[in-house]
Amino acid sequence: MADDTLGLIDDGVVISKEGRIVYAGPADGAPTTDAKVHDCEGRLITPGLIDCHTHLIHGGNRANEWAMRLQGASYEEIARAGGGIVSTMRATREASEEELVESALPRLDALIAEGVTTIEIKSGYGLSTEDEIKMLRAARALADRRAIRIEPTFLGAHALPPEYKDNSDAYIDLVVGEMIPAAAPFATAVDAFCEGIGFSPDQCARVFAAAEAHGLKVKLHAEQLSALHGSALAAKHGALSADHLEHATDDDVRAMAEAGTVAVLLPGAYYFMRETKRPSIDAMRRHGTRIALATDNNPGTSPTTSLLLMLNMGATLFGLTVIEALRGVTVNAAAALGLSAEIGTIEAGKACDLAIWDVADPAELVYRIGFNPLHQRIKDGQ
């Protein structure tokens, strides 16, 4: 499918067997089959939506910090005063694995209700080996409770825990020497937070090297608050994605395009933090960098459980076209998770993950705000 199309078929048929698509194309020319027929009555069928960047598992919430920001406190000031990620760390450490699962289920159900069939969930609020593994186990447990594909990502290098205050290199020693080996059986990828209030590019490179040594794919929070060229570092390591990217330079974006690293844009965080510098969509288009969209669901900077809202925000705040936005939660989101061979498009051989919509035009999915036109969600043909 070309990057500037949705591949629409007016009178189409999808045939699945044992959870896989065996035919997708025009009704005229579809193979004969004795499979049960479901008449969608002309509704729009898309791939199941993919939320490729979330922090869905966590304890507590940070509504009080949001109120502080409304009164003028900055994200950095709150973080340096012991709030931010570290405050969620405390609540997450205090919660049991089952409590984390139970608290995440309503958030997950909200996304499922909008047609999401695959979701990435990061750790990163435990910040100790035991608690990071607890988070990853909780993420995997959600797949036993709901019909959804979960992609767990280890994000131990998310923030500096209090016990390592002023000794970030020692904490990275723990991440690469103990946490990543322990996380490898539970995670499919490793992430890090490359920012002035997070970890330096050199420290993130150490995290990447350890991940690669354990056969794990890598991705990176980069250029959200500052220009450290983390996105270029991610590209150098063949990362699946670099995410946020408000401060990414033209050279960063070009490096990502050349490496095939997906640009995951997170308009919910941009909106919630009242940022003013938006990612350079023009540079991404010029260099051919693939663009994905995600909720960045988290308690501090993007407490949203609506991927449909992110479609609208991606268009209204960042200037994406309808096609760019829809590809951002399907085919490009699949690439951002390394799952292009499995999901993201409706074609033979892939999982039969579909969303069926009560809309007359695909643009309606991007145009509407606070309206969910999902008619039916199909996961693995069911």
Hey, does the side chain of [X] reach the backbone of [Y] with a donor-acceptor pair shorter than 3.5 angstrom?
| X | Y | value |
| --- | --- | --- |
| Asn332 | Ile291 | yes |
| Arg20 | Ser16 | no |
| Gln203 | Ser200 | yes |
| Arg62 | Pro299 | no |
| Tyr171 | Gly156 | yes |
| Glu246 | Pro279 | no |
| Gln376 | Ile356 | no |
| Ser231 | Ala222 | no |
| Thr289 | Val253 | yes |
| Glu102 | Glu99 | no |

Please determine if [X] and [Y] form a salt bridge, counting it only when a charged side-chain N lies under 4.0 Å from a carboxylate O.
| X | Y | result |
| --- | --- | --- |
| Lys219 | Asp191 | no |
| Arg206 | Asp173 | yes |
| Glu151 | Arg149 | yes |
| Glu41 | Arg43 | yes |
| Glu114 | Arg377 | no |

For the atom pair [atom1] ([X]) and [atom2] ([Y]), what is the distance rounded to the nearest 0.5 Å?
| X | Y | atom1 | atom2 | answer |
| --- | --- | --- | --- | --- |
| Phe186 | Arg140 | CZ | CZ | 8.0 Å |
| His375 | Ile45 | NE2 | CD1 | 9.5 Å |
| Asn297 | His55 | CG | NE2 | 8.5 Å |
| Leu309 | Thr316 | CG | OG1 | 8.0 Å |

No-hydrogen, no-angle side-chain donor-acceptor test under 3.5 Å, [X] and [Y]:
| X | Y | answer |
| --- | --- | --- |
| Asp243 | Ser241 | yes |
| Asp252 | His229 | yes |
| Thr188 | Lys217 | no |
| Glu347 | Thr345 | yes |

field: Hydrophobic cluster membership, Ile180 vs Leu155, 4.5 Å side-chain cutoff
entry: no

- request: Count the heavy atoms belonging to other residues, nucleotides or ligands that lie under 6.0 Å from OH of Tyr271, then report whether that count exceeds 12.
  value: no

field: Taking every non-hydrogen atom, the tightest pair across Ala182 and Thr129
entry: CB-CG2, 3.9 Å

